[in-house]
Amino acid sequence: MSLFMENMISERLGGKMFGKDTTIYKFEKIKRAKRAAMTENPGMELIDMGVGEPDAMAHQDVVKVLQIESEKRENRFYSDNGIEEFKNAAASYMKKRFGVDMDAASQFNHCIGSKPALALFPIALINPGDVALMTVPGYPVSGTTTKYLGGNVYNIPLLKENNFLPDLDSIPADICERAKFLYLNYPNNPTGVLAPKEFYEKVVAFAKKNNVAVVSDAAYIELTYGEEPISFLSVDGAMDVGIEIHSLSKSFNMTGWRIGFVCGNEHLVKAFATVKDNNDSGQYIPIQKAASYCLEHPELVEPTKKKYSRRLNMLAKVLRKHGFDVEEPKGTFYLYFGIPKGTQSGRKFESGEQFCDYLIREKLISSVPWDDAGNFLRFSATFVADTVEEEERIAKIIDERLSSETFIF
Ligand SMILES: Cc1ncc(COP(=O)(O)O)c(C=O)c1O
């Protein structure tokens, strides 16, 4: 690296130290272990339970809308803060699915997937020294931008004994004083739990008492099993304090399409729209039109939900057979479970990372470890399988591979 470039990088990226950090991060470790395992076991199938992306394509009717709309000359322009048709579709969807009545023009804005919305939102709120309340384990994007802006992150652990809900009473008074927003994500990645209405009511009271805005990340809201999902915004008073970010990625098998929306408190939506307008020029209009079609047809999610529910059940059964304490999730497509202490053959596991590494190298089963609040592993039911028989075959392989070991808990 030339001195010229070394001096170029901002302090928020590490300044002169940028690119010299030798820490190997979780996902890189997983990648390396997978590569090594495949080299050492040629011909053995690697079972990938790590990927958090749907294995299926978007519905053919949705693809058709994109195709037809792409052929229209008038759809070629920058869409800036989005087309009216998408806002209207999102507003009708929020009313129909969650009973939340909002004004399409002033309380909605599209986003190019929820990740950029989560990254941009802190720009509207955080001054240097302000605090973002984030939950761990979790999706850290808003926290990263907060730090870029000179703010601080306060992590609230999601513990099993609290049903993986943050204990708002545990946050120190001086942190509450400096806090600007609270990030929540239910149905939760990675724990798979839903937030009950009473919890959201507590959140509203907390937000009002401490002058904290609420950002509810609803990326998995359509993927619930046995229970109807609720929107944070449906709770009394929520509209005064928060916004909700929805995504079509997971529910409609559209991760690569990059489309979602922000809705809720008019003032916050306006602030978000201002930041976004200075950052991108909007999603391609035909994608917004195809997404509008999805929001008008939420029944498209049903077969996807059935598939994940079946797979989660299959995987949970296999893991339980080998002694793991696994509950099927109420939402998302993840199974989140504690790791064993070791094996009868004398191995010891002190972290999710260690156990994950062992499963990849010894059993060729890949997953994602979480060590932020206890030691856990996450299996994702999004593995590629086009038929039920194929799903069963994969579950059987996991069963057989785990059978050669006795785990101690
Ligand atoms: C909790 C959570 N929020 C947001 C996202 C981002 O989704 P997208 O940007 O595709 O809408 C993800 C993706 O994995 C996620 O797990």
Side-chain angles (χ1 to χ4, degrees), residues 26-27 30 48-58 62 82 86 90 93 109-122 132-146 155-156 158 164-166 181-195 214-224 229 231-232 242-263 272 276 279-280 282-284 287-288 290-291 294-295 301 304 308 329-336 367-368 370 372 376 378-383:
K26 181 163 87 175
F27 288 99
I30 295 171
D48 200 340
M49 294 287 141
V51 187
E53 286 201 58
D55 62 320
M57 272 184 74
V62 181
F86 181 72
Y93 166 83
N109 208 95
H110 89 292
C111 52
I112 305 183
S114 52
K115 186 176 184 178
L118 291 165
L120 291 175
F121 187 71
L133 302 172
M134 301 293 294
T135 55
V136 285
Y139 199 65
V141 172
S142 297
T144 305
T145 312
T146 296
N155 285 325
I156 319 170
L158 300 182
F164 300 118
L165 298 169
F181 70 84
L182 166 67
Y183 166 84
L184 296 173
N185 162 230
Y186 293 97
N188 181 257
N189 170 14
T191 66
V193 301
L194 311 185
V214 177
V215 180
S216 164
D217 174 354
Y220 297 87
I221 198 161
E222 287 288 359
L223 302 177
T224 64
S231 159
F232 170 67
I243 55 159
E244 195 156 78
I245 305 181
H246 287 251
S247 168
L248 283 85
S249 290
K250 320 277 174 172
S251 325
F252 295 95
N253 300 327
M254 288 166 75
T255 43
W257 294 53
R258 313 310 302 134
I259 183 78
F261 61 90
V262 172
C263 60
F272 168 75
K276 186 186 164 298
N279 184 75
D280 65 60
Q283 183 50 279
Y284 185 43
I287 290 181
Q288 292 186 54
C294 292
L295 297 175
V301 184
T304 305
Y308 291 141
K330 294 264 170 57
T332 74
F333 38 56
Y334 303 115
L335 276 183
Y336 185 71
S367 59
V368 177
W370 296 91
D372 313 77
F376 288 81
R378 189 192 80 182
F379 269 21
S380 178
T382 52
F383 56 90

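Counting convention: from 1, in listed order, for ligands and their atoms alike. Along the sequence shown, residues are numbered consecutively beginning with 1.
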Inset, instruction - Tell me, please, which residues at least two apart from Y93 pass side-chain hydrogen bond (donor to acceptor under 3.5 Å, both in side chains). - result: E222

Legend entry - Residue pair N188, L158: steps toward the side-chain contact (heavy atoms from CB on, under 4.5 Å) verdict: CA-CA 10 Å; N188 181 257; L158 300 182; 3.7 Å; yes

Inset, instruction - Say whether Y183 and D217, considering side chains only, have a donor N or O and an acceptor N or O under 3.5 Å apart. - result: yes

Legend entry - Partners meeting side chain to side chain contact (heavy atoms under 4.5 Å, CB included) with A290 (sequence neighbours left out): V62, V65, L66, W257

Name each N or O atom in ligand 1 that is under 3.5 Å from a protein N or O, and give the partner atom and the distance.
from	atom 1	to	atom 2	distance (Å)
ligand 1	3 (N)	D217	OD1	3.4
ligand 1	3 (N)	D217	OD2	2.6
ligand 1	7 (O)	S114	OG	3.3
ligand 1	9 (O)	S114	N	3.2
ligand 1	9 (O)	K115	N	2.9
ligand 1	9 (O)	R258	NH2	2.7
ligand 1	10 (O)	S249	OG	2.6
ligand 1	10 (O)	R258	NH1	2.8
ligand 1	11 (O)	S114	N	2.8
ligand 1	11 (O)	S114	OG	2.6
ligand 1	11 (O)	S247	OG	2.6
ligand 1	11 (O)	S249	OG	3.4
ligand 1	14 (O)	K250	NZ	2.6
ligand 1	16 (O)	N189	ND2	2.8
ligand 1	16 (O)	Y220	OH	2.8

Legend entry - Listed partners of A117 passing side chain to side chain contact (heavy atoms under 4.5 Å, CB included), at least two apart: C111, I245, V262, F272

Inset, instruction - Enter the distance from S367:OG to I30:CD1 here, rounded to the nearest 0.5 Å. - result: 6.5 Å

